[in-house]
Amino acid sequence: MNHNVALALGSGGARGIAHIGVIRELERNGFRITSVAGSSMGALVGGVFAAGKLDEYENWMNSLSKMDVFNLVDFTLSTSGIIKADKVFKEIHKFIPDRLIEELPVKFSAVATDLKHGKEIVISEGSLFEAIRASISIPLIITPVLKSDTLFIDGGVLNPVPVNRVFRNNGDILIAVNLNAQLPYQKPQDDNQDWHSMEKITNSKLVAFQEKLSGLFPATKKEKTGYFTMISETSGLMLAQILKLTLEMNPPDILIEISRNACGTFDFYKASELIGLGKQATIAALEKHRNVGL
């Protein structure tokens, strides 16, 4: 089997690591990815792939422990976000040099949201890292990017799976990856019950921020829904509705779906599990569509 693929990679925090498994499985089945567009983590993984550096990125992700992930979180007391993400990009720079998007071996587009002007922005030229950074600015979590008169925030706000923003070639196949599917997921047993979750650990680091923006946090111990959980749950519901309309207007040939319950937003230490999940979801999607004569 040898088919050219236009690949749209969706947003979804740490679940975006599953995109690596998707790409690996598509290539194993003879698909040739000729273009990719991504929102948020889809832009990060898609951009790394388009630059020919997926091996390096996958190796790095697989090497991260829970404490490594926590140490990469650079907190800032800002009303527009609480994480700068500078540490992460500085680390990635060590093994992936920045490049111009227009010079990449695979056509690539990153989708971001222009908050000041209330519109979607498709970045297909210029600095690869700047495009990715603009696309991953999760509202109220990762600080936005200000450039000229534009304030960039997460591309998933307006286009969680950019099926309508990927470059198409004659005769190619459009494949989309949805990381926010309303599917059941049985989480593996965590072998370290002392860790619990990223949210619990960050509580001590967020004390000052909590005092400044106390209205965004639970007021009493009776309230079980924390800050990160609230952001994740509410945005997930909105994305699901936007995605439904987007896919109805631009139906892909193959839709690969990952359960939104697969992991938390910051569970980047689960790389091996999530890459495997991406492979499994791809196998299932290809099997489902095998009868269409691809």
Side-chain angles (χ1 to χ4, degrees), residues 1-50 54 58 105-111 122 124 135 155-156 158-185 236 239-263 273-294:
M1 182 181 294
N2 187 10
H3 297 285
N4 290 338
V5 168
L7 183 63
L9 301 178
S11 60
R15 292 189 302 279
I17 301 172
H19 289 319
I20 298 174
V22 170
I23 292 171
R24 295 302 192 199
E25 193 60 31
L26 288 176
E27 291 185 326
R28 192 182 73 82
N29 280 271
F31 291 93
R32 178 174 174 264
I33 301 170
T34 55
S35 61
V36 58
S39 289
S40 198
M41 269 298 288
L44 176 52
V45 176
V48 169
F49 167 77
L54 192 61
E58 181 178 2
V106 175
K107 288 186 177 296
F108 171 70
S109 296
V111 176
V122 181
S124 56
S135 184
L158 293 180
N159 198 343
V161 182
V163 288
N164 57 334
R165 301 305 183 191
V166 63
F167 182 83
R168 301 299 303 275
N169 292 293
N170 290 333
D172 65 11
I173 296 168
L174 177 60
I175 297 181
V177 185
N178 171 25
L179 301 176
N180 294 285
Q182 301 290 336
L183 298 173
Y185 182 72
L239 292 179
Q241 292 303 310
I242 295 173
L243 177 62
K244 180 180 178 181
L245 294 175
T246 301
L247 294 180
E248 286 178 355
M249 295 175 64
N250 305 275
D253 297 298
I254 298 177
L255 177 62
I256 299 170
E257 296 193 293
I258 304 293
S259 172
R260 66 185 306 271
N261 299 315
C263 73
E273 173 191 335
L274 292 166
I275 292 170
L277 180 60
K279 291 179 179 179
Q280 294 169 11
T282 304
I283 291 171
L286 294 179
E287 178 66 26
K288 181 178 179 180
H289 291 82
R290 189 164 293 169
N291 63 344
V292 300
L294 295 178

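Note: Ile254 CD1 to Phe31 CZ = 5.0 Å, rounded to the nearest 0.5 Å. For the atom pair Leu286 CG and Ile256 CD1, the distance stands at 6.0 Å (nearest 0.5 Å). Note that NZ of Lys279 and CZ of Arg28 are 8.5 Å apart. Values are rounded to the nearest 0.5 Å. The CD1 atom of Ile275 sits 4.0 Å away from atom CD of Glu58, with the distance rounded to the nearest 0.5 Å. Here the straight-line distance linking atom CZ of Phe49 with atom CD1 of Ile20 works out to 12.0 Å at 0.5 Å rounding. Note: Gln280 CD to Ile258 CD1 = 8.5 Å, rounded to the nearest 0.5 Å.
A donor-acceptor contact shorter than 3.5 Å links the side chain of Arg15 to the backbone of Leu179. Between the His19 side chain and the Ala43 main chain, no donor and acceptor come within less than 3.5 Å of each other. Of the possible polar contacts, none joining the Asn180 side chain to the Arg260 backbone as a donor-acceptor pair under 3.5 Å is found. Side-chain atoms of Ser39 never come within 3.5 Å of backbone atoms of Ser11 as a donor-acceptor pair (strictly under, hydrogens ignored). Listed for the Ser135 side chain is a donor-acceptor partner under 3.5 Å among the backbone atoms of Val111.
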Next item on the list: Quick one: do Asn164 and Met249 satisfy side-chain contact (heavy atoms from CB on, under 4.5 Å)? Show the steps, please.
Entry: CA-CA 9 Å; Asn164 57 334; Met249 295 175 64; over 6 Å; no
Item checked: Steps toward side-chain contact (heavy atoms from CB on, under 4.5 Å) verdict (Arg24, Thr282) -> CA-CA 9 Å; Arg24 295 302 192 199; Thr282 304; over 6 Å; no
Note to self: The test is side-chain contact (heavy atoms from CB on, under 4.5 Å); show your working for Leu7 and Leu26 and say whether it passes.
What the structure shows: CA-CA 10 Å; Leu7 183 63; Leu26 288 176; 4.1 Å; yes
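With a 4.5 Å cut-off on side-chain heavy atoms, Pro252 and Leu247 count as touching. Using a 4.5 Å heavy-atom cutoff, the side chains of Ile17 and Met41 are in contact. Counting only heavy atoms from C-beta outward, the side chains of Leu183 and Glu257 approach each other to under 4.5 Å. When side chains are defined from C-beta on, Ile175 does not count as touching Val22, because their heavy atoms never get closer than 4.5 Å. You'll find the side chain of His289 stays beyond 4.5 Å of the side chain of Asp253, heavy atoms only.
The only member of Val177, Val163, Asn178 that meets side-chain contact (heavy atoms from CB on, under 4.5 Å) when paired with Leu255 is Asn178.
Taking each heavy atom of Val36 and Ala50 in turn, the nearest pair found is CG1-CB, 4.2 Å. The minimum heavy-atom distance between Pro251 and Leu174, with the atom names listed, is O-CD2, 4.2 Å. Here the shortest heavy-atom pairing between Gly46 and Phe108 reads C-CE1, 3.6 Å. Residues Asp172 and Asn169 approach most closely at OD2-N, 2.7 Å, considering heavy atoms. The two residues Leu9 and Ile23 come nearest to each other via the heavy atoms CD1-CD1, 4.4 Å. Closest approach of Leu274 and Ala14 over heavy atoms only: CD1-O, 3.3 Å.
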